[in-house]
Protein chains: 2
Amino acid sequence: MDEAGLPLPLYHRVYLVLRQQVEEGRFDPAVKMPGEHEFAADFRVSRITVRRALEMLERDGLIRRKRGAGTYARAPGAAAPQRDNLRGLLENLLTMGLRTQVRLLEFDYVPATAEVAGLLGVVPGASVLRAVRVRSTEGVPFSHLTTWVPEDVGRRFGRDDMAEKPLLALLEQHERIARAEQTISAILADATVAPRLQVEIGAALLWVRRQVFNAEGRVIEAIDSLYRPDLYTYQIGLVRDGGLWSPQSADS
Amino acid sequence: MDEAGLPLPLYHRVYLVLRQQVEEGRFDPAVKMPGEHEFAADFRVSRITVRRALEMLERDGLIRRKRGAGTYARAPGAAAPQRDNLRGLLENLLTMGLRTQVRLLEFDYVPATAEVAGLLGVVPGASVLRAVRVRSTEGVPFSHLTTWVPEDVGRRFGRDDMAEKPLLALLEQHERIARAEQTISAILADATVAPRLQVEIGAALLWVRRQVFNAEGRVIEAIDSLYRPDLYTYQIGLVRDGGLWSPQSADS
DNA sequence: TAAGGTTGTCTTTCACATAGAACAACTGGG
DNA sequence: CCCAGTTGTTCTATGTGAAAGACAACCTTA
């Protein structure tokens, strides 16, 4: 059985894992990387499969191989996406006041699936507004947002409003937003979102699902957010408070 | 179809396209869907390929097929269960009071890498205690924890302590824990953690990195946690507070 | 120079993906 | 009732993914 749900070829999964590790700087360019036989044993695959993955990495310019000598990771280089600028980019987003571009890909009224109906607290099949947006910074997409809103709430604004203003601002024109519930998880990029986020199918994405409640306790919005982990992370501070943790701050 | 070199099997690409269309309500449940031959012509694939996609859709409960009669989409509300156990198991963990087993895989003093040194606030190469644990519930592993502690802190307890008590409890015997910083992201399962978490290589994992500070502001502990997204999610409540979100509660 | 390790290249074998085709079993409408 | 249309089933054939192994070419080091 394929737990991942995506029937990606073995060599491609090995490639994705190794590429992630090389890009993280996990291999010192001055130290010989593990040999093909060793990788094959680690991954429990044949050497041919490892070789296919390594050939792809070499074409990407991420590693250097030489017969008899071994395989070496390339130096991170100037444009290296180290883990430091992870935080950097998040802080940029916040301090710059979210200087990002938003592209509206879909905006339609659709019948609610069972899952969406459960999130919004409507009956399955009820008409709901679904909008899909991609948010970018400097032309690079980093988040993929799918939003569902009950029909009566959605009718208060149109497609143009959504392309310009944040949805939350639109909602707050008519509603008192009280609280939200978030579930954070991870998921693989599928064929739909991968090109929109400019990642490969099978790449790891941060998955945040949020329900927004108004003052009456009604769900007025459900958001499914997918983030590129190399460009966006979720940061939380916790304070120790009598044997328990309580949160201190989160993003907005 | 898509000849962009994507390594997804054809039948799976057809499945993804059709699933999206069915979920969007594009097929009236009262009207016969196009026949297998017609789909094959539309997608420019063989009928066998179309049939595999349709079989998957039928297993998902999204369509109904009958020999001689045809294929019909099911009513929008009748979608497959799919991701219910996400929330289910998490609630189990909390209500059962975290009835989990912990297995200590590694317990060693190692020289700090540059990355770990940065997290702990020590010089690179300094000796630090590294422990790797896997936490399971009912025999199923759901989290993989790598912990680093400065040497002088780690010397206060031994391997046996760690196998029994939570690390935080051990630390609080001698320290005043003040706060923590968490970074939440996503990462692919590599050859090391995949077997320990009983997932496939290349599966998506939830990645939480935590720095724990004592009252003096020193980093006492750094934790790298990997969670199986099908068994564990991170939940946060937010309250709307004067145009901003502030957190309400988190896990501990 | 010699030895051992590393990547490059070539087998063989098996399983699966896909195409193309024919036929069987079944349904609904004229 | 019969027939056209639909899904179910079973063939053949080809290409790719993958494992396992053997050997060649090459580099580094003792």
Side-chain angles (χ1 to χ4, degrees), chain A residues 1-2 4-18 22 27-74 191 201-202, chain B residues 1-18 22 27-60 62-74 191 194 200-202:
Chain A
M1 281 304 193
D2 195 355
L6 283 174
L8 285 180
L10 258 186
Y11 71 88
H12 197 261
R13 277 189 263 172
V14 173
Y15 161 72
L16 289 173
V17 172
L18 287 178
V22 170
F27 298 105
D28 187 334
V31 177
K32 184 163 20 184
M33 283 174 68
E36 297 176 352
H37 287 95
E38 189 172 343
F39 272 137
D42 287 350
F43 284 105
R44 309 272 171 101
V45 300
S46 76
R47 189 175 152 232
I48 289 186
T49 303
V50 170
R51 281 183 59 75
R52 289 199 60 173
L54 291 176
E55 282 159 12
M56 293 170 75
L57 289 173
E58 191 171 31
R59 275 197 292 276
D60 291 350
L62 287 171
I63 61 172
R64 203 190 64 227
R65 314 157 80 198
K66 202 151 57 175
R67 171 186 295 190
T71 302
Y72 292 83
R74 274 285 172 79
I201 292 177
Chain B
M1 287 203 58
D2 200 352
E3 292 132 24
L6 297 180
L8 277 183
L10 259 186
Y11 70 88
H12 198 264
R13 281 188 252 170
V14 173
Y15 162 71
L16 288 174
V17 172
L18 288 178
V22 170
F27 298 105
D28 186 333
V31 176
K32 184 162 22 182
M33 284 175 68
E36 297 176 353
H37 288 94
E38 188 172 345
F39 273 137
D42 288 349
F43 286 107
R44 311 274 171 97
V45 300
S46 77
R47 189 176 152 230
I48 290 186
T49 303
V50 170
R51 280 184 59 76
R52 289 202 56 174
L54 292 176
E55 282 159 11
M56 293 169 75
L57 289 173
E58 191 171 31
R59 274 197 294 275
D60 290 349
L62 288 170
I63 61 173
R64 202 190 65 228
R65 313 158 79 198
K66 202 152 57 175
R67 171 187 293 189
T71 302
Y72 293 82
R74 299 194 67 180
E200 300 210 15
I201 289 172

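Chain A is the first sequence line, chain B the second, and so forth, proteins listed ahead of strands; every chain is numbered from 1.
Applying side chain to side chain contact (heavy atoms under 4.5 Å, CB included) to B/F39 and the options B/R47, B/M33, B/R51 leaves one that passes, B/M33.
For D/dA19, one of the phosphate oxygens OP1 or OP2 lies less than 4.0 angstrom from a side-chain nitrogen or oxygen of A/T49. For B/S46, no side-chain nitrogen or oxygen approaches OP1 or OP2 of C/dT18 to under 4.0 Å. Of the side-chain N and O atoms in A/R65, one or more sit less than 4.0 angstrom from OP1 or OP2 of C/dG8.
Of all heavy-atom pairs between A/Y11 and A/A53, the closest is O-CB, 3.6 Å. Closest non-hydrogen pair, A/G202 versus A/L16, comes out as O-CD1, 3.7 Å. Summarising the geometry of B/E36 relative to B/L54, their closest heavy-atom pair is CG-CD1, 3.7 Å, with the distance given to 0.1 Å.
Rounding to whole angstrom units, CD of residue A/E55 and C1' of D/dG17 are separated by 14 Å. A straight line from CZ of B/F43 to P of C/dA19 spans 12 Å, rounded to a whole angstrom. A/L8 has its CG atom 15 Å from the C1' atom of C/dA17, to the nearest Å. Here the P atom of nucleotide D/dT16 and the NE2 atom of A/H12 are 17 Å apart, to the nearest Å. Across the protein-nucleic acid pair, A/Y11 atom OH and C/dA17 atom P stand 14 Å apart, rounded to whole Å. Rounding to whole angstrom units, CZ of residue B/R67 and P of D/dT7 are separated by 11 Å. In this structure, A/R52 atom CZ and C/dT7 atom C1' are separated by 17 Å, rounded to whole Å. Rounded to a whole Å, the CG atom of A/L10 is 15 Å from the C1' atom of D/dA20.
The 5' end of DNA chain D is approached more closely, in terms of each residue's nearest nucleotide, by A/V50 than by the other of A/V50 and A/A69. Where A/T71 and A/I48 meet DNA chain C, the nucleotide closest to each residue was compared, and A/T71 sits on the side nearer the 5' end.
Contacts of B/R47 with the nucleic acid, taken as non-hydrogen atoms under 4.0 Å apart, include base atoms. Looking at heavy-atom distances under 4.0 Å, A/R51 makes contact with a base.
The side chain of A/E36 lies closest to C/dG8, out of D/dA19, C/dA19, C/dG8.
Counting heavy atoms from C-beta on, the side chains of B/F43 and B/T49 never come closer than 4.5 Å.
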